Protein chains: 2
Amino acid sequence: MILSIIFVTMTVQGVRERKKGATRARIADVAARLAVEHGIAATTVDEIAAEAEVGRATFFRYFDSKELAVAHGLSGAGAYVLAGVLREVDPRLGPADAVRAAYAELGRDFARHRAMFYEQAMLSRSSPAMFAWTLHLYVDWETAIADAVAPRFADLRDGDPRPRMLGAMTMAAARLAWGEWLDDGGTGDLPALTQKYLATLDLRLPDDR
Amino acid sequence: MILSIIFVTMTVQGVRERKKGATRARIADVAARLAVEHGIAATTVDEIAAEAEVGRATFFRYFDSKELAVAHGLSGAGAYVLAGVLREVDPRLGPADAVRAAYAELGRDFARHRAMFYEQAMLSRSSPAMFAWTLHLYVDWETAIADAVAPRFADLRDGDPRPRMLGAMTMAAARLAWGEWLDDGGTGDLPALTQKYLATLDLRLPDDR
DNA sequence: AGAAAAGTGATACTAAGTATCATCTTCGTC
DNA sequence: GACGAAGATGATACTTAGTATCACTTTTCT
């Protein structure tokens, strides 16, 4: 009894929040799996909802569109993985170098996940709507990256544009590299391509000029 | 007779191409107007098609979604305006400086178009779908900017990532500035905000490092 | 001039996305 | 521990976006 009270008290997020997170993740996972298996066009919201064991209305409470659910399922966790890595790379590195280092870190086991990357890229291009919603998701990534990298700006001030810009540039590099990689048939070295785009990236203080 | 032959021969693009362009523009214009007047949700494709005097099927031949048509109507020409200005600013300016100069140029008659900018920004945020498709359009802008600015890279080589990155960074700056401006109620100085974001932007050669 | 190619519109259909409401679950308070 | 409030769910019904097909018209090319 007392134990359960303590447990409840200790629980960071209540039952409700935890359930919501689980449901959201379940829907996204199912959406991504079905889309990879049968293609986005052949996957209906009804199927996703049924497979995820939620009502159709609930599906749309969690995601604004079928495409967004798929995008989340494919790579929704990616932003947090990257943000996590970003926080852990050598603290002496500046913001832009930290991003490059984080991507280098992620690129290490690229070979193992090559097929997955290819599938995701193909899917994100499979329709204009899917592409649009993928871009929508990228904006979330941008903010996650910005938050993760902000502490590395030594002289950060209020409303500083640099973290957000660095996030945007990072995602642009990832997106462009991914596109070029796909155009080449997905046979090339995606991490190297990403570094190529990232290498063009630099930031300077507004008043350094 | 002979005159008409000469005329036909001189025509750069055939009747078909010209008609297509006009139809596309008409649809986009109507879509934007109706969306501004009644909101995107209250505007149906049927209304747009009817007003633009095309069949419903034709509408979807020109645009992949209602939202994309609206986005095009709102600012579809913007990319070409910017690209045009970009080509005309002082040829001695480097790529990044040219972008800043072009935006400064565009900012000069901002005051006159403030209300329009505000409407467009509000509309692009009015629904997640609209936002997603706006981002989709921005990718077109990116390539237009990249093409316009590419000649300014003195040592451009094949597959150089810098023009595309500069295009992406420019659009990111515009998008972020626009968002911040809107969050502040659209009362601030949008051109100045844009310059703030653009100021963080720099490019260096991959092998300068 | 006439055949080929491309664009258009009508029709019909599928499924995405919205709105409403009764029911059930979780939360805070007594 | 019970209870009322707040929030989440699912069923239902509905509107409209987006797709597919086909007969018809316009443009292009030879």
Side-chain angles (χ1 to χ4, degrees), chain A residues 1-2 4-5 7-24 26-27 31 34-35 38-71 126-133 136, chain B residues 1 4-5 7-27 31 34-35 38-71 126-133 136:
Chain A
M1 182 62 69
I2 288 174
S4 79
I5 290 172
F7 176 74
V8 168
T9 310
M10 282 179 64
T11 307
V12 182
Q13 36 175 216
V15 176
R16 186 176 282 170
E17 284 306 307
R18 210 156 8 90
K19 267 194 177 178
K20 269 167 64 176
T23 302
R24 189 180 169 81
R26 207 171 58 246
I27 294 173
L34 293 181
H38 313 121
I40 183 95
T43 305
T44 68
V45 170
D46 285 290
E47 283 170 12
I48 299 170
E51 191 105 353
E53 297 181 296
V54 293
R56 182 188 160 68
T58 300
F59 175 93
F60 282 108
R61 262 181 218 113
Y62 281 94
F63 295 101
D64 288 315
S65 76
K66 180 176 75 169
E67 283 80 6
L68 191 55
V70 172
S126 66
S127 79
M130 190 65 223
F131 183 54
W133 284 101
H136 188 282
Chain B
M1 182 61 75
S4 77
I5 289 172
F7 175 74
V8 168
T9 310
M10 281 179 63
T11 308
V12 181
Q13 36 174 215
V15 178
R16 184 175 284 172
E17 284 306 307
R18 209 156 8 90
K19 269 193 177 176
K20 268 167 63 177
T23 303
R24 187 181 170 82
R26 207 170 59 246
I27 294 173
L34 293 181
H38 312 122
I40 182 92
T43 306
T44 68
V45 171
D46 285 291
E47 284 170 10
I48 299 170
E51 190 105 352
E53 296 182 295
V54 295
R56 181 188 160 68
T58 301
F59 175 93
F60 283 109
R61 263 181 217 112
Y62 280 94
F63 294 102
D64 288 316
S65 75
K66 180 177 74 170
E67 283 81 6
L68 191 53
V70 172
S126 67
S127 79
M130 191 65 223
F131 182 54
W133 285 101
H136 189 281

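Just so it is clear: chains get the letters A, B, ... in the order the sequence lines come, proteins before strands, and each one is counted from 1. Remember, predicted model here, so these are calculated numbers, not experimental data. Every heavy atom of this structure was used, including side-chain atoms; hydrogens, water molecules and symmetry mates were not.
Distance, B/Met130 CE to C/dG17 P: 15 Å, rounded to whole Å. B/Ile40 places its CD1 atom 15 Å from the C1' atom of C/dT18, with the value rounded to the nearest Å. A/Phe59 has its CZ atom 13 Å from the P atom of D/dG10, to the nearest Å. Remark: P of D/dA8 and CZ of A/Arg18 are 15 Å apart, rounded to the nearest angstrom. Atom CD of A/Glu47 and atom C1' of C/dA16 are 13 Å apart (whole Å). Rounding to whole angstrom units, CZ of residue A/Arg24 and P of D/dA8 are separated by 13 Å. When the C1' atom of D/dG7 is taken as reference, atom CD of A/Glu17 falls 10 Å away, rounded to whole Å. Per the geometry, NZ belonging to A/Lys66 stands 15 Å off P belonging to C/dT14, to the nearest Å.
The side chain of B/Ser65 sits closest to D/dG18 out of C/dA16, D/dG18, C/dG9. The side chain of B/Phe60 has D/dA17 as its nearest neighbour among C/dA19, C/dG9, D/dA17. Out of C/dT8, D/dA17, D/dA8, the shortest distance to the side chain of A/Lys20 is found at D/dA8. Picking from C/dA16, D/dG10, C/dT8 the nucleotide with the shortest atom distance to the side chain of B/Tyr62 gives C/dT8.
Side chain of A/Lys66 to main chain of A/Ala31: no donor-acceptor pair is present (N/O by atom type, distance under 3.5 Å, no hydrogens or angles).
Remark: A/Arg24 CZ to A/Phe63 CZ distance equals 4.0 Å, nearest 0.5 Å. The line from CZ of B/Phe59 to CD1 of B/Ile48 is 4.5 Å long, rounded to the nearest 0.5 Å.
B/Val70 and B/Ala35 make their closest contact through CG1-CB, 3.7 Å (heavy atoms, listed as atom of the first residue, atom of the second, distance).
With hydrogens and angles ignored, no donor-acceptor pair closer than 3.5 Å exists between the side chain of B/Arg61 and the base of D/dG18. Taking 3.5 Å as the limit, the base of D/dA17 and the side chain of B/Arg56 contain a donor-acceptor pair of atoms between them.
In the displayed structure, A/Glu53 atom CD is contacted under 6.0 Å by at most 12 heavy atoms of other residues, nucleotides or ligands.
Residue whose closest nucleotide on DNA chain C sits further toward the 5' end, between B/Thr58 and A/Asp64: B/Thr58. Residues B/Lys19 and B/Asp46 both approach DNA chain D. Their nearest nucleotides, taken by heavy-atom distance, put B/Asp46 toward the 5′ side.
Contact annotation for B/Phe63: no contact, since no heavy-atom pair falls under 4.0 Å across all strands. Using a 4.0 Å heavy-atom criterion, one finds that A/Thr43 contacts the sugar-phosphate atoms exclusively.
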